[in-house]
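One-based numbering along the sequence shown.
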Amino acid sequence: QVQLIESGGGLVQAGGSLRLSCAASGGTLRSYAMAWFRQAPEKEREFVAAITWNGGSTNYGNSVKGRCTISRDNTKNTMFLQMNSLKPEDTADYYCAARGGFEPLAPTRRDEYVLWGQGTQVTVSS
């Protein structure tokens, strides 16, 4: 069973940058579409970004579009989320998720993903 492990979260000032990573253990991510979601306290889990199995297509949530870039390195079994121009409203726990399949478009709905990591906390101070 593939397990997902996020890292790279932390405390950053508004306007700063962070790079989140999601590594897999117990298997390969090559046949999985992957995504990032986030959840702030007392809020629903929100779609952030998604990428197809081969990196050929990406999707972004409106709240991060233009500020974040999702990427993956299948040779290293790892996915990344580069976040720039961070805002206090980006503060949340960030989760990576995976779903098996070779779809041409990356799914954006939470219920389309079956594997989830434990999350990494991002705090943006004003």
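Considering CG of D90 and OG of S63, their distance stands at 7.0 Å, rounded to 0.5 Å. Atom-to-atom distance recorded for E89:CD and T91:OG1 is 8.5 Å, nearest 0.5 angstrom. For the atom pair R110 CZ and E112 CD, the distance stands at 12.0 Å (nearest 0.5 Å). Note that CG of N74 is 6.5 Å distant from OG1 of T28, once rounded to the nearest 0.5 Å. Once rounded to the nearest 0.5 Å, the distance linking OG of S125 with CD of Q13 reads 5.0 Å. The distance from atom CG of L18 to atom CE of M83, rounded to the nearest 0.5 Å, is 5.0 Å.
In terms of heavy atoms, Y113 sits closest to A98 at CD2-C, 3.5 Å. Taking all atoms of both residues into account, the shortest heavy-atom contact from F47 to P107 is CE1-O, 4.2 Å. Residues V48 and V64 approach most closely at O-CG2, 3.3 Å, considering heavy atoms. L81 approaches A49 most closely through the heavy-atom pair CD1-CB, 4.1 Å. Nearest heavy-atom pair, A92 versus R38, reported as atom, atom and distance to 0.1 Å: CB-CB, 3.9 Å. Across all their heavy atoms, F102 and S31 have their closest contact at CZ-CB, 3.5 Å.
Annotation: E103, atom CD; neighbour count of heavy atoms from other residues, nucleotides and ligands within 6.0 Å is above 12. Atom CD of Q118 is surrounded by 12 or fewer heavy atoms from other residues, nucleotides or ligands within 6.0 Å.
Looking at V122 and L20, their side chains come closer than 4.5 Å, going by heavy atoms from C-beta outward. Residues Q82 and S17 form a side-chain contact, since some pair of their non-hydrogen atoms from C-beta on lies under 4.5 Å apart. Using a 4.5 Å cut-off on side-chain heavy atoms (C-beta onward), M34 and R99 make no contact. In this structure, the side chains of L29 and L4 come closer than 4.5 Å at one or more pairs of heavy atoms. Annotation: side chain of M79 is not in contact with side chain of S71 (no heavy-atom distance under 4.5 Å). Considering only heavy atoms from C-beta on, T120 stays 4.5 Å or farther from Y95 through its side chain.
In this structure, R19 is positioned above the aromatic face of F80, its NZ or CZ under 6.0 Å from the six-membered ring centre and within 45° of the axis.
For N84 (side chain) and T69 (main-chain N/O), no donor-acceptor pair under 3.5 Å exists by modelled atom type. Under the 3.5 Å distance criterion, the side-chain polar atoms of T78 are matched with a main-chain donor or acceptor of K76. Under a 3.5 Å cut-off, the side chain of Q121 and the backbone N or O of D93 do not form any donor-acceptor pair. In this structure, T52 contributes its side chain and S57 its backbone to a donor-acceptor pair below 3.5 Å.
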### Task
Output, in order, the C-alpha distance, side-chain angles, deciding distance and verdict of side chain to side chain contact (heavy atoms under 4.5 Å, CB included) for N54 and R30.
CA-CA 7 Å; N54 62 351; R30 290 176 184 164; over 6 Å; no
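Placement of L115 and I51 within a single hydrophobic cluster is found when ILVMFWY residues are connected by side-chain heavy-atom separations under 4.5 Å, directly or transitively.
Within the 6.0 Å centre-distance limit, the rings of W116 and F37 are counted as a close aromatic pair. Under the 6.0 Å cut-off for aromatic ring centres, W36 and Y94 do not qualify, their centroids lying 6.0 Å or more apart.
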